[in-house]
There are 2 protein chains.
Amino acid sequence: MATIKDVSKLAGVSVATVSRVLNRSGYVHTDTEQKVLHAIKALNYTPNFVARSLSNKKTSTIGLLVPDITNPFFPELARAVEDVMQLYGYTVILCNSDESASKEKHYIDVLKQKYIDGMIVASNALSVEDVREFDMPVVVVDRLIEGDTIPTVMSDNRKGAQMATEFLLGQGCRKIAHIRGPEHLLNAEERCQGYLDVVQDIDWFDRSLIVSGKYEMKRAMEATLELLRTHPDVDGIFAGNDMMAIGAMRAVQVLGRTIPYEIEIVGYDGIALSEIVFPELTTIAQPIYDMGALAARMLIKQIEKQPLDSLHYCLDVQMVERGTTRKG
Amino acid sequence: MATIKDVSKLAGVSVATVSRVLNRSGYVHTDTEQKVLHAIKALNYTPNFVARSLSNKKTSTIGLLVPDITNPFFPELARAVEDVMQLYGYTVILCNSDESASKEKHYIDVLKQKYIDGMIVASNALSVEDVREFDMPVVVVDRLIEGDTIPTVMSDNRKGAQMATEFLLGQGCRKIAHIRGPEHLLNAEERCQGYLDVVQDIDWFDRSLIVSGKYEMKRAMEATLELLRTHPDVDGIFAGNDMMAIGAMRAVQVLGRTIPYEIEIVGYDGIALSEIVFPELTTIAQPIYDMGALAARMLIKQIEKQPLDSLHYCLDVQMVERGTTRKG
DNA sequence: CTGTTAGCGCCTTCAT
DNA sequence: ATGAAGGCGCTAACAG
């Protein structure tokens, strides 16, 4: 691998000059610039990023921390992040935390040592203080750190949940249940709240209509089986995410009831999977790709010391009507 | 951030000594080691990887090149790679190539400049020469570069395809079609060949029983619709991957035929999705996680100059009987 | 066992 | 407009 020194020698100039043409910094005569450019081409020279990083204190690398890339929500997010980062000349390191605080901390340490320029966190075993201790640009996705100064992008969970629930009501459902996500996740809490906003004052409502599915398909399936045993008259289900909605579909199918005629189901997220099951899942779609792309842009702005237009972004969600609910 | 110099000062020793205790290289008296350790703790010192990389020529970072992390096959692979890399102190940079040669080349260039230690390639817009030009440790996954010296891990596509086809035959199918993947992908070619191995000498066989689905669900659905129009008597379908198998399921469902009673379907890959559709998909499962983990281990061996037990690994696949084929 | 010193490759004043 | 030289933080001879 040729170094800047080789280039300078071949071009008959000093390394400083080569550096100048490389970075378009400072003045350099057109002729000498040409000489340098030729030398560069002749040697097939490309600058060594590591060396550059050392003197720059900028690695053009960011970290992306997700719970598990295997969870269908995150590939879309990761793809978005990677796309825009790539566009701006950054490179992204992928980290799976499994929502374990110790794993997360370990990653943070490693990434800090590697002097990454910033990170996008879509996993939250960590507390606000932990995140603040990062002491580098950060954007948190889909996990609000309430009322804080840490930049955030998320979607309007509560409103989305209200939309879903109201939609089921509008479809004529007489008893709507909710399969909720993990208690410790704010977004699960908000979605549950949105459901409550709509149904809690209706006469048929009862807290036992809310069951827990841990954002997992299997759990949701079991929870639904149990739910339909205690409440055989449930005719609408709003699941806190698509995976659980699919679990619910399974349970209903196992019981031999037909979707959407006997029971209607609405999910949340709008992951690609929702179009792959049959019937296709009606869902509240978050703009997953947009969220990732926005987070990436926000992070870059911070890294490049540009002002952020807003600290917190809450993107709109969209109702996508498909096969698990009846048409008009 | 404290530097090694700060530590050396505080401990009253030279930087060399600090470096020695840091890397457990060379001798150092227990007492001075203690002093150093204390200084390290006192200053909360952690070494700067960038600086280390510069003098080491080792970044402990590898690249993972996939076509698209959004394609359900790759998250599982990525997860495996990340898991073992993490175990050995490496960090992984994720790259989506969209199977575009120019994108791939661009990535390679960037990663080279970043002096990554090696890379795992699960995408192949590139030719053998291109890959050899990487001039760094590489492992190619699921894409054989035929008869070459580049380390490879894949699964036994041909045998797997034979298993699938024979299984359908054994189930009593009278006319078995194949939905194949892209012509330019070797694994698609091999799977098609495996199908042919089993059926080409049977009287009902006809080349028009092979249709192309591009490894995509939608295309496969359309292809299946068309297939069942020309060959209404097809009662078994072997799809080159699970996504296409799901597309085929859709087509069959749309036509109002029942799975598995009127038509049986077998997929290939064993992605998580295959358990999520209903009926659950019978498939030839590749050990995706194992393949990723093995590739990662092979890469590390190369990086650390250890000998590879074998240049090419071909892992066994497994028939997983589920709902899209009849039992007993 | 420990310290001195010369790199690793690049950037950036400071002179000229 | 260009060059010389110090520094980024760490490692690895080479002395002692």
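Naming: A, B, ... by sequence-line order, numbering from 1 per chain.
- Closest to the side chain of Tyr45(B), from the set dC10(C), dC10(D), dA4(D), is dC10(D).
- In this structure, Tyr115(B) places its OH atom 12 Å from P of dC8(C), rounding to the nearest Å.
- Rounded to an integer number of Å, the gap from CG of Leu22(B) to C1' of dT11(D) is 11 Å.
- For the pair Ser55(A) and dC10(C), the criterion of a side-chain N or O lying under 4.0 Å from OP1 or OP2 is not met.
- Between the NZ atom of Lys58(A) and the P atom of dC8(D) there is a distance of 20 Å, rounded to whole Å.
- As a whole-Å value, the separation of Gln34(B) CD from dC1(C) P is 15 Å.
- Residue Lys57(B) places at least one side-chain N or O under 4.0 Å from the OP1 or OP2 atom of dG9(C).
- Taking 4.0 Å as the cut-off between side-chain N and carboxylate O, Arg79(B) and Asp98(A) count as a salt-bridged pair.
- The separation between Lys5(B) atom NZ and dT11(D) atom P is 15 Å, rounded to whole Å.
- One atom, OH of Tyr27(B), and another, P of dA15(D), lie 20 Å apart when rounded to the nearest Å.
- A salt bridge links Lys301(B) with Asp309(B): the closest approach of a Lys/Arg side-chain nitrogen to an acidic carboxylate oxygen falls below 4.0 angstrom.
- When the nearest nucleotides of DNA chain C are assigned to Thr32(B) and Phe49(A) by heavy-atom distance, the more 5′-ward of the two goes with Thr32(B).
- Not one side-chain nitrogen or oxygen of Arg20(A) sits closer than 4.0 Å to the OP1 or OP2 atom of dA1(D).
- One finds no salt bridge joining Asp109(A) and Lys105(A) here, because no Lys/Arg side-chain nitrogen approaches an Asp/Glu carboxylate oxygen to under 4.0 Å.
- Checking side-chain atoms of Asp117(B) against main-chain N and O of Ser60(B) turns up a donor-acceptor pair under 3.5 Å.
- Nearest-nucleotide mapping onto DNA chain D: of Val28(A) and Val18(B), the residue sitting toward the 5' end is Val28(A).
- For the pair Ile4(A) CD1 and dC10(C) P, the computed distance is 5 Å after rounding to whole Å.
- In this structure, the side chains of Val66(B) and Cys95(B) stay at 4.5 Å or more apart for every pair of heavy atoms.
- Proximity of Thr17(A) to the phosphate of dG3(D): a side-chain N or O atom is located under 4.0 Å from OP1 or OP2.
- With rounding to whole Å, Ile40(B) atom CD1 is found 13 Å from dC10(D) atom C1'.
- Distance from the side chain of Val15(A) is smallest for dA5(D) among the nucleotides dT2(D), dA13(D), dA5(D).
- You'll find that the side chain of Ala16(A) is closest to dG3(D), out of dC11(C), dG3(D), dG3(C).
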